[in-house]
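Written below as structure tokens is the structure these notes are about.
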Number of protein chains: 2
Amino acid sequence: MTTTSDSTGEAPTPRQQAVLDAVLGLMVESGDQLTMDAVARRASCSKETLYKWFGDRDGLLAATVQWQASKVRARRYDRQHLDVAALRDSLRGFAAAWLTTISSPTSIALNRLAIAHAASSGSNLGRLVLANGRFAIGERLKPVLEEGREAGLLDFDDAETAFRTFFGLVGRDVQIRLLLGDRLPLPPAEIAQDAERAIDQFLALHGAAKPKPQA
Amino acid sequence: MTTTSDSTGEAPTPRQQAVLDAVLGLMVESGDQLTMDAVARRASCSKETLYKWFGDRDGLLAATVQWQASKVRARRYDRQHLDVAALRDSLRGFAAAWLTTISSPTSIALNRLAIAHAASSGSNLGRLVLANGRFAIGERLKPVLEEGREAGLLDFDDAETAFRTFFGLVGRDVQIRLLLGDRLPLPPAEIAQDAERAIDQFLALHGAAKPKPQA
DNA sequence: AGCGACCCGTAACGTACGGTACGGTTCGCG
DNA sequence: CGCGAACCGTACCGTACGTTACGGGTCGCT
């Protein structure tokens, strides 16, 4: 039975964090040979300790996913004045952050692992990755969209649907291509450019023609 | 050494097709336990035959990907009269077909396998899936887009970029969610609706304001 | 100093699976 | 009929890996 880093668990100790970082390192370097032996060797700990701390292999992987998620979580986009320029900045920030995330080696390795795991039957790895990726950013972006709507800057019926459009315009084919091993260099300059284009398109679809139509 | 169904290979014999269908069936039912033993049992053939025909496990998987691709490939969208209604129909057909494909159990299983494989180093599985999925549809759609532009119905600079926008608007978060195990029922009615919405959005972004501006 | 908790390193066990070998059967052909 | 090619079913081998067990070492507490 796991003692720490359970699915609802508390924060890992620094030593445990070092172990989880070792897992992340191994995943990125060579996603396949992620064996308990390799983790123990890399983290300079015994396998017995791994099993005491994390229960079994799946527990270790789950803890790793949550550890990585806790590292990314997330600068607040505090609601500023919210004119159209501020809204653009906010959306552009989200888009660039998302592209940076999904193109990072860590995210690629983690998603590959979770997807491979989802092929087997029961496993919350996929659910964990979804909750901390796709759905987390959705819940953080939707309030921004709704504030934009209240300010008369955006026009849409359903925030979820609008977010999915945003998601598609930003991500396009990037994630699936990277997951399938396509070389797709995404330097910061191109990320900025892609984010800009995506926001232009999103505002073309959902920007309100007239600010505050009923004001 | 593989004798048949090489990476450039000729069509598999009917018996080989039955074997590859057995692989597809196993993949869909329980993607993990896709062992050579299980394939042989399901296909009622000996492992020795599998190795003679396909070389090794990777050869079998590659042949399976190509077999599936050959089954999907692809009704022609012959260039019809090409007014705006015909263009809409054509795009809507592409969108619905793509959504149907990526939400099919076979595609999900195949992509999971290829993604897991891409975590290991050398492997053309990911490349194969990309070539027969994302890039195949791109090459088939771009001529339609360009005809639409020539007819003054569409406005864009780069067909590749326009296609990626199309791809994002159609696919959104569907594929990644399905790959990660999210339940996401996508009945034909919803596919049709999603395709319609995606085409509306695409035309809002790239529809030419005035047909044949220089005519 | 003595004791217990914690942990490292390594060895050991069981199993699953990719790959190979072999006997037996069917089928086409001279 | 006689023969060889193709193939099925099964047994077998080697290895990799998850998991457990054990010996020894370090640290904190009394």
Side-chain angles (χ1 to χ4, degrees), chain A residues 1-5 10 12-23 26-27 29-65 109 112-114 116-117 119-125, chain B residues 1-6 10 12-23 26-27 29-65 112-114 116-117 119-125:
Chain A
M1 310 299 171
T2 72
T3 60
T4 319
S5 301
E10 51 285 351
T13 70
R15 184 71 180 98
Q16 290 171 339
Q17 294 177 12
V19 171
L20 299 178
D21 280 328
V23 176
L26 280 175
M27 273 180 20
E29 289 172 24
S30 57
D32 49 343
Q33 61 220 45
L34 185 64
T35 97
M36 299 298 277
D37 246 318
V39 172
R41 224 174 312 122
R42 166 76 76 110
S44 292
C45 74
S46 75
K47 289 207 279 178
E48 191 175 14
T49 302
L50 292 183
Y51 282 97
K52 177 155 51 157
W53 284 349
F54 304 104
D56 58 4
R57 187 172 189 268
D58 283 0
L60 176 62
L61 298 182
T64 304
V65 170
R112 280 180 180 157
L113 195 71
H117 221 78
S120 308
S121 55
S123 152
N124 24 14
L125 260 196
Chain B
M1 318 292 175
T2 72
T3 58
T4 319
S5 300
D6 212 339
E10 50 286 348
T13 69
R15 183 74 180 97
Q16 290 171 338
Q17 294 178 11
V19 171
L20 298 178
D21 281 328
V23 176
L26 280 175
M27 274 181 18
E29 289 172 26
S30 57
D32 48 343
Q33 59 219 45
L34 186 63
T35 104
M36 300 298 279
D37 248 317
V39 172
R41 225 173 313 121
R42 168 76 76 110
S44 292
C45 73
S46 75
K47 287 209 285 178
E48 192 174 13
T49 302
L50 291 183
Y51 283 99
K52 177 153 53 159
W53 283 349
F54 304 104
D56 58 5
R57 186 171 189 271
D58 283 0
L60 176 61
L61 299 181
T64 303
V65 170
R112 280 182 178 155
L113 195 71
H117 220 78
S120 309
S121 56
S123 151
N124 24 15
L125 259 197

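By convention in this document, chain letters (A, B, ...) are assigned in the order of the sequence lines, proteins followed by strands, and residues within each chain are numbered from 1.
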Non-hydrogen atoms of A/Cys45 and A/Leu50 that approach each other most closely: SG-CD2, 3.6 Å
Spacing of B/Leu34 atom CG and B/Arg57 atom CZ [to the nearest 0.5 Å]: 5.5 Å
Contacts of type side chain to side chain contact (heavy atoms under 4.5 Å, CB included), residue A/Ser44, not counting sequence neighbours: none
Interatomic spacing from CG in B/Leu113 to CG in B/Asp32 - rounded to 0.5 Å: 11.0 Å
Of residues 37-45 of chain B, the positions that come close to DNA chain D - non-hydrogen atoms, cut-off under 4.0 Å: B/Ser44, B/Cys45
Qualifying residues under side chain to side chain donor-acceptor pair (under 3.5 Å), relative to A/Ser46, sequence neighbours excluded: A/Thr49
Option from A/Asp56, A/Leu125, A/Asn124, A/Leu20 for which side-chain contact (heavy atoms from CB on, under 4.5 Å) with A/Leu61 holds: A/Leu125
Side chain to side chain donor-acceptor pair (under 3.5 Å) involving B/Asp37 - partner list, sequence neighbours excluded: none
Rounded distance in Å - CG (B/Leu34) to C1' (C/dA16): 14 Å
Shortest non-hydrogen contact from A/Ala40 toward A/Lys47: CB-CG, 3.8 Å
What protein N or O atoms touch nucleotides 20-23 of chain C N or O atoms at under 3.5 angstrom, if any, and at what distances?
unit_1: C/dC22; atom_1: N4; unit_2: B/Glu48; atom_2: OE1; d: 2.2

Pairwise distance CD(A/Glu48) to CE(A/Met36) - rounded to 0.5 angstrom: 12.0 Å
Terminal axis angle for the helix from C/dA1-D/dT30 to C/dG30-D/dC1, five pairs an end, nearest 10 degrees: 0°
Range on DNA chain D touched by chain A, heavy atoms, distance below 4.0 Å: D/dC17 to D/dC22
Salt bridge (charged side-chain N to carboxylate O under 4.0 Å, His left out) partners of A/Glu29, counting only residues at least two apart: A/Arg42
For B/Arg15, salt bridge (charged side-chain N to carboxylate O under 4.0 Å, His left out) partners two or more places apart: none
For A/Ala116, all residues meeting side chain to side chain contact (heavy atoms under 4.5 Å, CB included), sequence neighbours excluded: B/Ala116
